[in-house]
Amino acid sequence: SRCFRFTGAGRWQTIIRFEIQRDGTIPGSSIQTYQPSGNLIFDIQAFGAVECAGAGRLSPLPEDLPYDALPIQFTFSPS
């Protein structure tokens with residue numbers, strides 16, 4: 001919620017896919033819009049929220065997790 005603050009009107013929803021690396025970062029190359037909302041500004045803000053979260057805001061993945069990257073699919077909708 002620190003990174004996503006859509007202030008426009010409407011009931012939009014977009015799905016973003018990305019990967020969290022072992023060190024907790026999210027490479028920009030892994031971020032993709034899976035299902036656009038139909039509102040480009042909303043989609044760009046959702047995309048930017050993932051970039052923001054992956055820029056030092058996440059903890060490293062647990063050491064016992066057997067993956068080098070954790071794939072995530074996240075649905076954004078205004079609160």
Side-chain angles (χ1 to χ4, degrees):
S1 66
R2 289 181 185 160
C3 294
F4 184 66
R5 302 214 188 270
F6 181 70
T7 58
R11 298 187 59 131
W12 306 106
Q13 178 175 300
T14 188
I15 300 174
I16 306 290
R17 288 183 172 175
F18 56 94
E19 291 182 346
I20 301 173
Q21 300 297 301
R22 183 154 296 284
D23 64 359
T25 60
I26 299 172
S29 61
S30 78
I31 306 170
Q32 41 183 276
T33 302
Y34 176 68
Q35 181 179 14
S37 67
N39 179 327
L40 183 59
I41 294 171
F42 182 81
D43 294 347
I44 289 170
Q45 288 187 355
F47 195 96
V50 174
E51 288 179 322
C52 172
R57 296 185 183 271
L58 301 175
S59 299
L61 295 176
E63 287 191 26
D64 60 342
L65 191 70
Y67 311 111
D68 288 330
L70 180 64
I72 302 290
Q73 178 173 301
F74 194 85
T75 302
F76 286 85
S77 57
S79 57

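The figures here come from the full heavy-atom set of this structure, side chains too, leaving out hydrogens, waters and symmetry mates.
Counting heavy atoms from C-beta on, the side chains of I15 and F76 never come closer than 4.5 Å. Proximity of I26 to E51: side-chain heavy atoms (C-beta onward) are nowhere separated by under 4.5 Å.
Here E63 pairs with nothing under the side chain to side chain contact (heavy atoms under 4.5 Å, CB included) rule; sequence neighbours left out. Scanning for side chain to side chain contact (heavy atoms under 4.5 Å, CB included) contacts around T25 gives Q21, D23, with sequence neighbours left out. For L61, the side chain to side chain contact (heavy atoms under 4.5 Å, CB included) partners are I20, R22, L65, L70, not counting sequence neighbours.
Linking ILVMFWY side-chain heavy atoms closer than 4.5 Å, directly or via other members, places F6 and I44 in two distinct hydrophobic clusters. Linking Ile, Leu, Val, Met, Phe, Trp and Tyr residues whenever their side-chain heavy atoms come within less than 4.5 Å places F18 and L58 in a single cluster.
Residues D43 and P36 share a closest heavy-atom pair of OD2-CB, 3.4 Å. Closest of all the heavy-atom pairs between T14 and Q35 is OG1-O, 2.8 Å. Closest approach of A53 to C3, counting heavy atoms only: N-SG, 3.6 Å.
Formation of a donor-acceptor pair under 3.5 Å by the T33 side chain with backbone atoms of I16 is not found in this model. Using a distance-only test at 3.5 Å, with no hydrogens or angles considered, a donor-acceptor pair links the side chain of S30 to the main chain of E19.
The six-membered or imidazole ring of F42 lies near that of F4, with a centre-to-centre distance under 6.0 Å.
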Apply the test side-chain contact (heavy atoms from CB on, under 4.5 Å) to residues C52 and R2: give CA-CA distance (whole Å), side-chain angles for both, the deciding distance (0.1 Å), then the verdict.
CA-CA 9 Å; C52 172; R2 289 181 185 160; 6.0 Å; no

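Side-chain N/O atoms of R17 and Q32 include no donor and acceptor closer than 3.5 Å.
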